[in-house]
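A short worksheet on the structure shown next.
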Amino acid sequence: MSEIEIGRGKRGRRAYTFDDIAIVPSRRTRDPEEVSLSWQIDAYHFELPFLAAPMDSVMSPDTVIAFGKLGGLGVLDLEGLWTRYEDPMGLLAEIADLEPPDVTTRMQEIYSEPIKPELITARLRKIRDAGVTVAGALSPQRTQEHWKTVIDAGVDIFVIRGTTVSAEHVSSRAEPLNLKRFIYELDVPVIVGGAATYTAALHLMRTGAAGVLVGFGGGAAQTTRKALGIQAPMATAIADVAAARRDYLDESGGRYVHVIADGGMGRSGDVVKAIACGSDAVMIGAALARSTQAPGRGFHWGSEAHHAQLPRGERVHVGALAPLQEILHGPGRAADGTTNFVGALRRSMATTGYSEVKEFQRVEVVVSPYPGG
């Protein structure tokens with residue numbers, strides 16, 4: 001891909017967001033009812049290729065269970081309020097009621113409460129007792145401290161999620177997490193990320209991860225581009241990481257690592273485009289924060305919003321739109337892509353003639369910037 005001259009001393013590659021691309025219909029169409037959206041990672045099978053983001057505004061133990069019963073994989077944030085407080089419902093209500101100037105400071109205070117291992121155990125066991133697949137997320141910084149508690153509690157899928165995660169973290173102050181050794185020693189599949197480049201993703205795949213999360217600074221609740229100047233447009237990032245998956249498949253002699261888009265998918269059309277660019281599944285946050293069952297009560301935020309030293313996220317108002325069932329399965333109440341994500345993906349695949357999610361990654365796309373983007 002050719003580079004663009006930014007100035008005489010700097011060149012850059014053109015990258016694309018979801019709003020910059022569109023899917024092209026093909027000569028063949030298909031009955032939507034004949035489309036399969038099922039997804040399997042390791043030994044775990046799901047009716048939908050959807051993961052719910054591990055964010056306090058999106059997932060509580062109850063919504064993890066509800067999401068799992070609707071066909072997806074809910075992931076609980078094991079550094080969130082549910083593992084810091086016995087009953088965080090009052091604090092969630094307080095966060096929703098805060099005036100904008102007070103949000104960051106008060107959230108920093110609330111999240112300064114230590115994580116309690118016994119609450120990690122209790123939350124994960126509640127999810128297991130409900131009969132759905134158990135997934136929990138830790139940041140790389142907290143993984144070494146709490147991983148044994150998580151494994152002993154019976155987690156099925158371990159998620160190591162950060163704004164960016166590398167296989168070669170360098171630190172002179174403390175021994176960094178050795179992902180390759182860590183993943184090798186675990187008996188459960190690990191999903192790790194975010195990554196936004198071919199090289200970073202390839203290195204994560206070589207650690208033995210079952211899946212790689214793709215995304216950096218693209219979420220609705222992040223201000224990483226404003227605070228750090230860093231962002232990876234999602235359409236290009238997914239396509240780059242999908243290329244790493246292809247090359248690693250050859251390098252490893254047939255080991256397939258799942259690519260999971262994470263961030264920048266507030267509407268159903270974004271989810272469709274993420275899979276068209278090469279994702280096997282998607283991790284959605286803001287779209288589910290609009291659920292009337294979501295803990296955020298119409299607001300959405302991530303862990304970056306309450307970072308103790310450098311907040312690079314914010315609490316955003318997304319509204320309480322519809323029950324989780326309607327957001328996932330419909331029926332849609334508006335034509336804006338905020339409800340019936342399953343129906344939208346199924347319809348797009350049928351319109352372009354594909355019956356499997358993996359096949360849909362081959363659909364033709366064009367660069368066609370959306371006027372409202």
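Along the sequence shown, residues carry numbers from 1.
Counting only residues at least two apart or on different chains, the salt bridge (Lys or Arg N to Asp or Glu O under 4.0 Å) pairs with a member in residues 56-80 are Asp62-Lys126, Glu79-Arg142. Among pairs with a residue in residues 265-275, those fulfilling salt bridge (Lys or Arg N to Asp or Glu O under 4.0 Å) read Arg267-Asp336, at least two apart in sequence or across chains.
A salt bridge links Lys148 with Asp152: at least one charged nitrogen is closer than 4.0 Å to a carboxylate oxygen. Checked for salt-bridge contact, Asp31 and Arg346 miss the test: no charged N lies under 4.0 Å from a carboxylate O. In this structure, Glu3 does not pair ionically with Arg13, as no charged nitrogen and carboxylate oxygen lie closer than 4.0 Å. Asp156 has a carboxylate O that lies under 4.0 Å from a charged side-chain N of Arg128, or vice versa, which qualifies the two as a salt bridge.
Between the side chain of Gln293 and the backbone N or O of Leu324 there is at least one donor-acceptor pair closer than 3.5 Å. Between the side chain of Ser57 and the backbone N or O of Trp301, at least one donor-acceptor pair lies under 3.5 Å.
Expressed to the nearest 0.5 Å, how far CG of Leu124 lies from OG1 of Thr149 amounts to 10.0 Å. In this structure, Glu109 CD and His306 NE2 are separated by 13.5 Å, a value rounded to the nearest 0.5 Å.
Counting heavy atoms from C-beta outward, Arg315 and His300 have side chains that stay 4.5 Å or more apart. Two residues are said to be in side-chain contact when any heavy atoms from C-beta on lie closer than 4.5 Å; Leu138 and Phe158 meet this criterion.
Tested against His258, the residues Tyr248, Trp39, Phe46 include a single ring pair (Phe, Tyr, Trp, His ring centres under 6.0 Å) partner, Trp39.
Residues that satisfy the side chain to side chain donor-acceptor pair (under 3.5 Å) test with Asp42, not counting sequence neighbours, are absent from this structure.
Annotation for Glu99: atom CD does not count as buried by contact number, only 12 or fewer foreign heavy atoms lying within 6.0 Å.
In terms of heavy-atom proximity, Ser279 sits nearest to Ala261 at OG-CB, 3.3 Å.
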